[in-house]
Amino acid sequence: MSEEQFSILLVDDDEVDRLTVKRALKKAGVTANLMEAKNGENAMAKLVNGIAKLEVRDTNLVAVSETNYFSSTINHPIKFDLILLDYLLPDFDGLHLIAKIKALNLDLPIIVLTGQGDEEIAVEMMKAGAADYLVKSKIEPDNLAKAISNAIRIHRAEQAVQLANQRLRATNELLMLKNQELERQQQQIKLQNIQLQESYNLKSEFLATMSHELRTPMNAIMGFSQLLLRQYPAPLSEQQQNLVQRIFNNSKNLLDMINEMLDFSKIEAGKLELKPQKFALNYLIELTVEELRSLAVQKQLELITDINLTDTYLIQDSNSLKRTLINLLSNAIKFTESGTVTVKAEEIDENKIAISVTDTGIGIAPEDRDKIFQAFRQADQTFTRQHAGTGLGLAITQSLVKMMGGTISLESELGKGATFTVEIPRKYDV
Ligand code: ADP
């Protein structure tokens, strides 16, 4: 038997029988708070009140009898661990009492004490909810102690399982609730995504339309200022020439920006189609470099090409590659105040070409490296920045390189220049 002290309610009208039980308990060394009831009514009262005053009579066995029930000194609620129940009580029978106890929602193990030959009744009682039965005449310290400890142990195990099940149910319910909440959030995100996509499309359409509409008047401004610069039939004063030249230059800058926006919106809308054709890369590079040489000369920068190809031919979209080169070269020139800008081309293997643009300019800080490939993003986002631009060049370049089946990478150290390297397949794979 364990050291734990159980609280037991012994319900029996026969004093001798009660004494037998008490003796058996004592002999078996069961440490118990024992409360006695002589009939069903009395047992119910004790169970309902749940508060009893206990008198310690014995260090081993604590018993409370009807007579001294209210005369004790210790006052605390009794939570019974077990009921020992005589089947035949003067007021109502055991079955009746079990039903009443169940109706009270009192979850307690009950051991029924029956007379000789009452086994059938005992089975009925167990069906009604009793945990075990003992034939009174056969009560021995050992079997009584064992029956009590088994009934309490099994009952506690059942309660633990019940509690675990309850907790599991509660956790399940919580999980279901969380799932529902997650589903709701997912729906909301889906909806927001649709809305975002819609506004994104609207923005792209707006960009495309605006850029397109702005191009026509801009071309007219440039055309007329070029006409004026020809100074025919009447010559212009030096100041007039200067002003018209500035009109032309600024219009050209604006037109470049507008074209960039148009290209970007086309790429975003998936409306840009590549037209692969065979061309000589060295020729394309030399041509592009010459187109931009004047910009480098203006800043007294050295513009170098270093082409090292055994086979110069590519089957790619030459317009996209030229656009890529122009973007990288004009950035290199724009962000370099002195030194050189070098365009290098070489074969990585027979199917892959690397083209790099290296400058000795301001360089790019590590934290800006991802940012600058995003549309409308620049390393210097302040209003007072020195270099003009839309922040679309690298976003367009990256998209074009990706469409050509290639990749773009950047190596740079702040203040020591930058190298943008484009790797593309020699042959465009449809
Ligand atoms: P934009 O040149 O119109 O600002 P880009 O997309 O071409 O837009 O470039 C984004 C930013 O990346 C630039 O504003 C600049 O801060 C940085 N950048 C690009 N190329 C270079 C370079 N060669 N050296 C230093 N910074 C560069």
Side-chain angles (χ1 to χ4, degrees), residues 256 259-260 263-264 266-268 270-296 301-336 339-361 363-364 368-370 372-375 392-413 416-430:
D256 286 347
N259 282 337
E260 228 169 39
D263 284 351
F264 178 70
K266 262 194 209 162
I267 290 173
E268 266 202 324
K271 285 186 183 152
L272 193 93
E273 270 182 36
L274 298 196
K275 295 188 187 92
Q277 60 193 48
K278 192 170 178 182
F279 65 93
L281 181 60
N282 57 340
Y283 178 70
L284 183 106
I285 292 175
E286 296 293 358
L287 190 80
T288 315
V289 164
E290 287 322 308
E291 277 177 25
L292 295 177
R293 188 170 293 282
S294 63
L295 291 178
L301 298 175
E302 211 181 340
L303 190 51
I304 307 169
T305 55
D306 175 8
I307 299 167
N308 195 358
L309 298 167
T310 45
D311 176 3
T312 58
Y313 283 97
L314 262 68
I315 301 176
Q316 269 290 3
D317 184 85
S318 59
N319 281 335
S320 294
L321 191 56
K322 184 166 180 201
R323 190 62 209 274
T324 299
L325 265 176
I326 291 176
N327 285 351
L328 295 180
L329 263 172
S330 49
N331 272 348
I333 297 168
K334 183 158 76 172
F335 295 104
T336 305
T340 47
V341 173
T342 311
V343 186
K344 207 170 161 187
E346 59 189 349
E347 281 141 346
I348 298 175
D349 57 47
E350 56 178 312
N351 299 317
K352 220 177 198 181
I353 310 288
I355 306 159
S356 62
V357 177
T358 303
D359 63 58
T360 53
I364 295 149
D368 290 331
R369 276 179 207 169
D370 292 330
I372 58 169
F373 287 98
Q374 293 166 18
L392 285 174
L394 284 178
I396 293 173
T397 305
Q398 194 175 41
S399 300
L400 290 177
V401 171
K402 207 168 159 196
M403 285 170 79
M404 287 187 282
T407 54
I408 183 164
S409 59
L410 163 66
E411 266 177 55
S412 178
E413 206 178 314
K416 291 195 178 160
T419 298
F420 286 87
T421 305
V422 169
E423 289 182 17
I424 47 163
R426 184 186 286 280
K427 197 168 167 224
Y428 176 73
D429 186 358
V430 184

Would you say Leu314 and Lys427 make side-chain contact, with heavy atoms under 4.5 Å?
no

Rounded to the nearest 0.5 Å, how far apart are CZ of Phe373 and OG of Ser399?
11.0 Å

Indicate yes or no for a side-chain donor-acceptor contact from Arg426 to the backbone of Asp311 under 3.5 Å, with no hydrogens or angles considered.
yes

Hey, does Thr305 have a side-chain heavy atom less than 4.5 Å from the side chain of Glu286?
yes

Using every non-hydrogen atom in the two residues, find where Met403 and Leu272 come nearest and quote the distance to one decimal.
CE-O, 3.2 Å

Heavy-atom closest contact (Ile408 atom, Gln398 atom, distance)
CG2-CG, 3.8 Å

Taking all non-hydrogen atoms of both residues, which atom of Lys322 and which atom of Leu287 are closest, and how far apart?
NZ-CD2, 4.2 Å

Sequence neighbours excluded and cut-off under 3.5 Å, please list the side-chain donor-acceptor pairs for residues 418-425, or say none.
unit_1: Thr419; atom_1: OG1; unit_2: Thr358; atom_2: OG1; d: 3.1

Hey, what do you get for CZ (Phe279) to OG1 (Thr312), rounding to the nearest 0.5 Å?
10.0 Å

Side-chain touch Lys344/Ser356, heavy atoms, less than 4.5 angstrom
yes

If you draw a 6.0 Å radius around CD in Gln374, do more than 12 non-hydrogen atoms from other residues or ligands fall strictly inside?
yes

Which value, rounded to the nearest 0.5 Å, describes the distance between Leu410 atom CG and Leu328 atom CG?
10.0 Å

Any chance you could lay out the salt bridge (Lys or Arg N to Asp or Glu O under 4.0 Å) test for Glu273 and Lys266, step after step, and finish with the verdict?
CA-CA 9 Å; Glu273 270 182 36; Lys266 262 194 209 162; over 6 Å; no

Between Met404 and Asp317 the two heavy atoms that sit nearest each other are SD-O, 4.1 Å

Could you go step by step and tell me if Leu303 and Leu329 meet the side chain to side chain contact (heavy atoms under 4.5 Å, CB included) rule?
CA-CA 10 Å; Leu303 190 51; Leu329 263 172; 3.8 Å; yes

Carboxylate-amine/guanidinium contact Glu346 Lys352, below 4.0 Å
no

Any side-chain heavy atom of Ile396 sitting closer than 4.5 Å to one from Ile267?
yes

Shortest non-hydrogen pair, Gly339 vs Thr360, comes out as CA-OG1, 3.3 Å

For Ile348 and Ile353, run side chain to side chain contact (heavy atoms under 4.5 Å, CB included): C-alpha distance rounded to whole Å, both residues' side-chain angles, the deciding distance at 0.1 Å, then the answer.
CA-CA 6 Å; Ile348 298 175; Ile353 310 288; over 6 Å; no

Would you say CG of Asp370 has more than 12 non-hydrogen atoms from neighbouring residues, nucleotides or ligands within 6.0 angstrom?
no

In terms of heavy-atom contacts, Leu394 and Ile372 come closest through CB-O, 3.5 Å

With side chain to side chain contact (heavy atoms under 4.5 Å, CB included) as the test, would you mind laying out the steps for Ile355 and Leu321 before giving the verdict?
CA-CA 10 Å; Ile355 306 159; Leu321 191 56; 4.0 Å; yes

Distance-only, no hydrogens or angles: does the Asn327 side chain make a donor-acceptor pair with backbone N or O of Gly393 under 3.5 Å?
yes

Between the CG atom in Leu301 and the OG1 atom in Thr340, the distance rounded to the nearest 0.5 Å is 8.5 Å

Verdict with supporting geometry, Glu302 and Val341, side chain to side chain contact (heavy atoms under 4.5 Å, CB included):
CA-CA 6 Å; Glu302 211 181 340; Val341 173; over 6 Å; no

Rounded at 0.5 Å granularity, tell me how far CD1 in Ile333 sits from OG in Ser294.
8.0 Å

Using 0.5 Å steps for rounding, measure from the CG atom of Asp359 to the CZ atom of Phe335.
9.5 Å

